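Written below as structure tokens is the structure these notes are about.
Note on naming: letters A, B, ... go to the chains in the order of the sequence lines (proteins, then strands), and numbering restarts at 1 for each one. Just so we're clear, the structure is a prediction, and the values are computed from it rather than from any experiment.
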Amino acid sequence: MPKARPTSGGSSTTATLADWGTASSTSTMSVTLQGKSNTPAPSPVPPPVPTTSGCSHLTQAKPTTAQRYRVFVKYSLFQQHHHTFTDRFRSNQQTLPALKSVRASRLEAKRDAILKRIPFPQCTQCGTAIGRVLLCLYCEFTGCWKHGHIQSHMASNRHNLAVEMSSYTVYCGLCQDYVYSHNYEEILRQERFRMYYRLCQLANPTAKRIPTIKCLTAPVLSLESQEALAMPCDGIRGLRNMGSTCFMNVILQAFVHNPLLQTHFLSDPHDSRACSREACIACEMNSLFEQVFSGNHTPYGPTTFLRSIWQASTELSGYSQKDAHEFFITALNQIHAGFSKNERTLDCTCVVHQTFAGELQSTVTCLNCKRKTVANDPMLDISLDLRPLPKKGREQGQLSQVPHSLLECLQRFTTAETLGAKEYTCSHCGSECKEATKQLLIKSLPPVLSFQLKRFEHLASASKIESLIRIPLELDMTPYTTQSQSTARPAHSLNAFDEQAVASNPACHYRLFAVINHEGSLETGHYTMYALHRKEWFRFDDDLVTLAKLGDILKNKAYMCFYVRSFLDYSPA
Amino acid sequence: MSASNVGSEQLKAGLEQRLVESGEKERLQDLIRAKLVESGWKDQVKAQCREVIKEKGIANITVEELLQAVVPSARENVPDEVKAKVLSRLKGFLLTNLQDLEQQPTPPL
């Protein structure tokens with residue numbers, strides 16, 4: 001584990017935004033370069049901030065050491081995924097013989113031969129291969145931590161740097177700790193990306209991807225490495241409640257902290273002055289981002305946004321309390337309308353559909369003639385049911401009656417359900433009285449996945465489900481995709497990673513960046529939200545912004561949550 | 001060190017090597033990782049680490065100290081179900097590998 005980069009304001013956990021904002025300047029730049037600006041320093045000297053340059057021993061090491069580090073990272077990454085390659089090659093050979101050219105198979109044989117020659121990492125002195133094993137960055141020595149072999153080697157030979165096999169981090173003997181340097185982090189990022197790319201290719205050989213080289217050579221704006229300091233509260237601004245508008249504020253904060261929307265709207269995609277549309281939400285999004293990133297930290301009241309939404313949707317107008325999810329969907333449709341005249345949403349290139357749109361596949365199997373009817377539906381988000389399973393559903397296996405985690409909800413969502421006798425008529429055999437099953441799976445995953453947990457029931461009597469649903473920080477969607485279901489998976493098991501599991505596709509890995517909570521009852525309540533900003537979690541309660549503890553986020557009764565793909569194909573960070 | 005002790009040390013090293021070479025170690029690690037994420041253990045420990053770091057200050061803590069503060073409770077909180085699963089997998093591995101290892105011990109390193 002490398003030393004986490006110092007983040008601003010970590011000392012006080014309850015400081016409000018107003019306390020924070022006072023020290024920073026009003027410039028709109030997101031970073032201020034230390035010692036490079038021509039303007040004199042502001043009179044109140046800012047408190048000393050720990051530098052972000054990393055370990056000096058590592059930074060000053062020879063370039064050859066960095067090269068060795070790259071080789072070691074390649075080696076360790078490969079060791080870690082060795083079994084995935086060997087297991088997967090075998091299954092691919094069986095399922096996709098046509099795809100393999102002669103040249104490819106020759107290459108593979110070559111690779112296999114090399115594989116066999118690469119030694120497994122083990123301590124040079126005692127042969128330990130499990131636990132912390134470190135490779136010296138200056139010589140061939142490999143040593144274990146447990147018996148102190150690497151430590152004594154480093155001390156006696158004055159070799160102060162070594163790489164740990166399982167975490168790819170560098171240990172510095174002079175600092176007596178694990179250290180980082182921006183140069184080495186960049187090497188690790190590149191090699192990780194290469195490995196990610198190969199694993200994706202392996203998991204889904206037919207998928208179209210951007211060539212690796214394009215992703216790796218994308219310019220990396222690494223101001224941190226130039227001793228730049230991030231401005232403390234840049235991109236964080238509370239939103240005023242203008243009369244039961246917390247439903248809007250939480251969604252707007254979720255938009256502001258969405259990495260894809262952020263990149264898009266900060267690149268000035270929509271010319272508001274040239275726009276003639278009335279109540280244009282794209283213009284409103286522009287000004288929202290301008291306001292949040294303006295450097296002004298006093299709470300902002302998005303009045304024009306509210307007015308435009310009122311004009312665009314009659315259902316959302318008025319001063320009563322509204323549903324945040326409804327606002328979310330309306331806002332997405334309106335942003336889409338601001339960027340594109342295209343009515344078709346499936347292959348739309350607007351920011352909304354590029355960010356949120358995925359595709360669901362529903363398969364209906366007639367139990368009489370076994371014929372499958374497949375239909376694809378576009379989706380912008382996934383709504384998950386929280387109601388207790390009916391009795392007949394419980395027989396199907398290990399699914400518990402009430403879901404406790406997002407994973408269980410997803411499991412239910414993708415489990416085949418039996419349709420009643422009169423719900424479906426098979427067009428092939430025409431039998432009406434026979435049963436059929438219906439299964440939903442995700443055909444294509446969007447870069448940003450949003451979930452709604454259906455806490456509000458509008459059946460005979462409206463009520464709110466108050467059960468606690470665990471929201472994981474990391475999410476692997478592989479088991480819920482059509483791709484994993486087609487590659488011979490045993491009957492639906494609750495434990496997606498059991499013995500015969502499908503190799504997880506790294507393109508389906510997501511991480512949490514925003515959670516919306518609703519406190520109160522169905523009729524009246526309050527929305528708050530948590531969002532991730534520069535690796536730090538914040539709680540947004542209208543105009544009040546506070547640092548949040550990770551533990552609190554995991555304990556909350558979430559209503560909506562947002563995930564972004566862990567690896568974006570073009571993204572450097 | 002008695003002779004039997006040396007033998008068991010060698011046997012242990014041999015078994016570890018097999019575990020790694022066969023890819024079983026990484027497969028097990030994948031399983032454990034997935035299980036610990038699924039049960040919320042990983043997020044819990046992450047939250048705990050952040051607390052400790054914030055308490056001490058980022059400049060005044062080493063990885064070793066962090067480990068000392070977090071490991072005991074983290075180890076305790078591993079769900080029993082995960083422990084049982086991993087143990088049974090390891091037992092299976094031992095049973096299949098012990099016999100032929102005893103017949104032909106690995107050469108000394």
Side-chain angles (χ1 to χ4, degrees), chain A residues 1-7 10-11 13 50 79-87 120-131 166 169 171 175-179 404-405 407-408 470-476 495-499 501 503-504 512 536-537 547 549-555, chain B residues 9-51 53-67 70 81-82 85 88-90 92 106-109:
Chain A
M1 198 194 304
K3 253 189 185 176
R5 285 208 200 96
T7 38
S11 52
T13 46
Q79 290 293 354
Q80 200 194 331
H81 297 288
H82 183 263
H83 67 286
T84 323
F85 279 99
T86 43
D87 296 356
F120 284 90
Q122 50 180 193
C123 178
T124 318
Q125 280 178 8
C126 65
T128 302
I130 285 171
S166 55
T169 43
Y171 183 85
C175 300
Q176 297 277 313
D177 200 4
Y178 288 89
V179 293
H404 298 288
S405 69
L407 290 178
E408 275 180 62
R470 210 177 48 237
I471 307 290
L473 292 177
E474 289 162 41
L475 181 64
D476 183 356
N495 303 318
F497 288 93
D498 267 356
E499 270 58 34
S504 138
L512 186 70
E536 220 31 85
W537 283 92
L547 261 177
K549 282 185 196 159
L550 199 55
D552 295 343
I553 299 156
L554 304 170
K555 265 184 273 168
Chain B
E9 279 290 314
Q10 227 177 49
L11 197 65
K12 197 178 156 209
L15 276 171
E16 277 184 7
Q17 203 176 333
R18 281 235 175 158
L19 195 66
V20 178
E21 268 176 356
S22 61
E24 182 67 6
K25 180 197 156 207
E26 295 300 337
R27 256 178 240 122
L28 259 175
Q29 254 176 13
D30 283 354
L31 175 88
I32 297 170
R33 212 172 278 141
K35 284 276 169 208
L36 290 181
V37 169
E38 199 182 291
S39 64
W41 181 90
K42 191 181 168 183
D43 296 344
Q44 239 179 53
V45 173
K46 195 170 178 178
Q48 205 188 340
C49 288
R50 291 185 77 111
E51 294 289 300
I53 294 172
K54 269 197 185 137
E55 223 172 82
K56 292 213 173 184
I58 184 79
N60 316 321
I61 191 163
T62 64
V63 174
E64 272 319 300
E65 286 164 10
L66 183 64
L67 281 175
V70 174
E81 178 218 9
V82 180
K85 188 142 238 156
S88 79
R89 275 275 289 260
L90 275 174
T106 41
L109 295 150

[X] versus chain A, the contacting section by heavy-atom distance below 4.5 Å:
X: R50(B); value: side chain
X: E51(B); value: side chain
X: L28(B); value: neither
X: K46(B); value: both

First locate atom [atom1] of [X], then atom [atom2] of [Y], and finally report the distance between them rounded to the nearest 0.5 Å.
X: Q17(B); Y: T128(A); atom1: CD; atom2: OG1; value: 11.0 Å
X: Q79(A); Y: K25(B); atom1: CD; atom2: NZ; value: 8.5 Å
X: K549(A); Y: Q48(B); atom1: NZ; atom2: CD; value: 12.5 Å
X: Q80(A); Y: Q29(B); atom1: CD; atom2: CD; value: 7.0 Å

I need the minimum non-hydrogen distance between [X] and [Y], along with the two atoms involved.
X: V63(B); Y: D177(A); answer: N-OD1, 2.9 Å
X: D43(B); Y: P472(A); answer: OD2-CA, 3.4 Å
X: A47(B); Y: G551(A); answer: CB-N, 3.8 Å
X: I130(A); Y: E16(B); answer: CD1-CG, 3.6 Å

Where does [X] contact chain B at under 4.5 Å (heavy atoms): side chain, backbone, both or neither?
X: L554(A); value: side chain
X: L407(A); value: side chain
X: I471(A); value: backbone

